[in-house]
Amino acid sequence: MEKEKFYITTPIYYASGDLHLGHCCTSVYADALARWNKMLGKDVFFLTGSDEHGQKVAEKAEKAGLSPKQYCDELVKKFYKLWEMLNVKYDKYIRTTDEDHVATVQKIFKKLYDQGDIYLSSYEGLYCTPCESFWTESQLVDGKCPDCGREVKKAKEEAYFFRLSKYGDKVKEYILSHPDFIKMESTKNEMISFIDQGLNDLCVSRTSVKWGVPVPFDTKHTVYVWIDALPNYISALGYLSSDESKFKKYWPADVHLMAKEIARFHIIIWPAILMALGLPLPKTIHAHGWLTQSGVKMGKSLGNGFNPYVLCERYGVDAVRYFLLKNGPILGDAPYDNETFLKTINTDLVNDLANLLSRTSAMLVQNFDGVLPKLSANVQEVDANLVNETVEMKENVEKLMQKLETNNALSAIFKVVRLANKYIEDTAPWKEKENKERLGDILHNLYFVLHSVAVALLAFIPETAQKILEALDNKDCLLETISKEYNNKLCGNKTQKTALYQRLDIEKEIKYLEVDSVRETEQKKEEKSNHKPDITFDDFEKLEIMVGKILTAEKVENADKLLKFSVKLGKETRTIVSGVAMHYEAEYMVGKEVLVVTNLAPRKIRGIESQGMILYAYTDGDKEFCFVSPEKEISDGAFVG
RNA sequence: CGCGGGGUGGAGCAGCUGGCAGCUCGUUGGGCUCAUAACCCAAAGGUCACGAGGUUCGAAUCCCGUCCCCGCAACCA
């Protein structure tokens, strides 16, 4: 009989910078699910990889003085290293620069074009010639290119489009008729309402981006991310290649795992592409939440991602894996902070698990020279309860893993660890030194629990689980061993006294980690402190800055951030709109003296003409923010220079 | 009326296909000595945002209204 298959994927991470703890969360999560399903005897295929095309990668490479491919090659080495470090054991690592992937993408593109699902049209927007970039109205700064500050002009670019609009209803219908398709109810609602807003056809090629897969029949275009990155899930299996055996075996995917910000692409665009190709859709898409710090998403763009390399090196892989699988954002968002991380490790892994092994192994060594005695026939109620709970644990974990809930599965396992610690209190083995049979039974049952727990943990924290099995001198690692029958026949293994983890000095470690993150943010600051280019005195002279007195202030309707001021500047009074509603109450501003740039070209904001700009002082991300006032009261209309 | 998520003991969360309010940490008191100052027990602590609102024999859980937080969108000279 053929084995049941299980195909699980992570997203292919974008190769434009280092990975952070959030990426680790997805990958470790996927790894645990893959390992678990292997233990269930399934034929598992676990795919991960990297997305290496696009403008951003090309730019990064240029800055580093490398070709895009060289740049990716270097960066991807770090990715490999991270997954190796975290014991993420994938079956295939796909890179979008792989030749066979490129070939598949081109075939897909052609196929969709030939059948009319991709068509040539034009993309209209505002174009900056030197930067070779299109911008939308709202991206412009001062009506000019946000990158270089130069004029943009309306331009049309020839581009290929995918008929997404044609598939919206079908995708929606599919979502509604397949309750397991999207794990998270909230995500499901969001996606449906997104579809209901109406879908536009999707631009799937660029002529302005050179670093990408060339459109096979029109090579001045490159394939844009949708048709390049998303099909990795099937190109990795050899779809449309000379050998489709893997594709036939593993597709459709059982689980696509990802963080929620890319849910939309996987739930709407990807299924539409698959439908166009006439392929079955993945069974489950699970878009998990984010690790957050004080409510903010943790990521490289914010410069506050905690360094997974540091955490692994100092506390061990399994500490990180355990934390991510237990406290990570398996469903909604989850807060991360160093203290919670350290406490979780100390409490669960050290105090509960490692200590259980320590005390059990110590007693076995002291009283039986480590050799596990046979179970007697005198089973007491406490014994039976403990064994039953352990066997039940296996069933619970199986159910929870079926639902992809590693956090609850781990809770179920550690519940048994606690029960075992309690069992020791209840049976007080140290009082049974004279009664070898009873003492033997107690330790035997504890041994069984430890063994069962270790087996159950193999998917989650494999290194630790393996160490426990070694300490127990036991090589059986099948889930079937978590049973009464197995317990009954256990005996003879020679346990060694083992300390799995050292207790962490939390205060000391917090300091260590803080120092580390301070170091990191300082580096980031330095990188960011690029000053603007020098200007001449003449340039400066062009500015007219005056002291103004705020006469009235009110909130602008339908805009969260805007306040509308009337500002007295000597004889004249002007209307100025400013984006500070998040920082100041309107009433508070009335009567204040502020500095105003008075010769800035007027601009309409939300229908109101703003005739100048009020100056503010602020730090990165507006963490500190204030307006600038003269040191003492001075007549409004006074010049600043 | 833009879209969406959320408001549960000091902290972080679960419960939300309705039936005595639960978990981890923290706090207080006690126990044990096999174990890594670990482990075990007990206690305190919540009118489950608000509405003397609706449905129901019964609501944290379903419906309605209000307030507040957080994302996205809009907007930021």
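Heavy atoms only: backbone and side chains are in, while hydrogens, waters and symmetry mates are out. Proteins get letters first, then strands, A, B, ... in listed order; numbering begins at 1 in each.
Here the separation of B:C67 from B:A52, taken at their P atoms, is 16 Å to the nearest Å. If you take atom C1' in B:A59 and the same atom in B:G19, they sit 10 Å apart, rounded to whole Å. B:G51 and B:U17: their P atoms are spaced 24 Å apart (whole Å). If you take atom P in B:U8 and the same atom in B:A73, they sit 27 Å apart, rounded to whole Å. Comparing the same atom, P, in B:G22 and in B:A43 gives a spacing of 12 Å after rounding to whole Å. Nucleotides B:C48 and B:C40, compared at atom C1', are 31 Å apart to the nearest Å. Nucleotides B:A44 and B:G26 have their C1' atoms positioned 13 Å apart, rounded to a whole Å. For the C1' atom pair drawn from B:C68 and B:U24, the interatomic distance equals 27 Å after rounding to whole Å.
The heavy-atom pair separating A:Ala465 from A:Leu457 by the smallest distance is CB-C, 3.9 Å.
Among the atoms of the strands shown, none is found under 4.0 Å from any heavy atom of A:Val597.
Ring-plane geometry between A:His256 and A:Trp270 is classed as tilted, the angle between the planes lying from 30 to 60 degrees on a 0 to 90 degree scale. Aromatic ring orientation, A:His178 versus A:Tyr174: parallel (interplanar angle below 30°, classes split at 30° and 60°). The aromatic rings of A:Phe323 and A:Tyr336 sit perpendicular, their planes meeting at an angle over 60°, well past the 30° parallel limit.
Taking atom NZ on A:Lys561 and atom P on B:G71, their separation rounds to 10 Å, with Å as the unit. Taking atom CD1 on A:Ile182 and atom P on B:G4, their separation rounds to 15 Å, with Å as the unit. Residue A:Trp290 contributes atom CH2, which lies 20 Å from atom P of B:G12 at whole-angstrom precision. For A:Phe323 and B:G12, the CZ to C1' distance is 10 Å, given to the nearest whole Å. A:Asp337 has its CG atom 13 Å from the C1' atom of B:C13, to the nearest Å. When rounded to the nearest whole Å, the span between CZ of A:Phe414 and P of B:C23 equals 18 Å. In this structure, CG of A:Asn327 is placed 10 Å from C1' of B:C25, rounded to the nearest angstrom. Computed from coordinates, the A:Ile576 CD1 to B:C76 C1' distance equals 14 Å when rounded to whole Å.
Using a 4.5 Å cut-off on side-chain heavy atoms (C-beta onward), A:Leu419 and A:Leu386 make contact. Using a 4.5 Å heavy-atom threshold, the side chains of A:Asn493 and A:Tyr447 count as touching.
Partner of A:Met546 under the side chain to side chain contact (heavy atoms under 4.5 Å, CB included) criterion, out of A:Thr598, A:Val567, A:Leu595: A:Thr598 alone.
Mapping A:Lys343 and A:Gly579 onto RNA chain B by nearest heavy atom places A:Lys343 at the nucleotide closer to the 5' end.
Relative to the ring axis of A:Phe460, A:Arg321 does not place its NZ or CZ within 45° and under 6.0 Å from the centre. A cation-pi arrangement is absent between A:Lys542 and A:Phe540, since the terminal nitrogen or guanidinium carbon is not both under 6.0 Å from the aromatic centre and inside a 45° cone about the axis.
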Mark up nucleotides 34-39 of chain B, 5' to 3', with B wherever a protein heavy atom is under 4.0 angstrom from a base atom, S wherever such an atom reaches only the sugar-phosphate, and - elsewhere.
-> BBB-SB
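With hydrogens and angles disregarded, no donor-acceptor distance shorter than 3.5 Å links the side chain of A:Asp352 to the backbone of A:Arg418.
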Based on Watson-Crick and G-U pairs with both distances under 3.5 Å, what dot-bracket line describes RNA chain B 5' to 3', crossing pairs as [ ] and inter-strand pairs as |?
-> .(((((((.[[[[.)...(..]]]].(((((.......))))).....[[[.[[..)....]]]]])))))).....
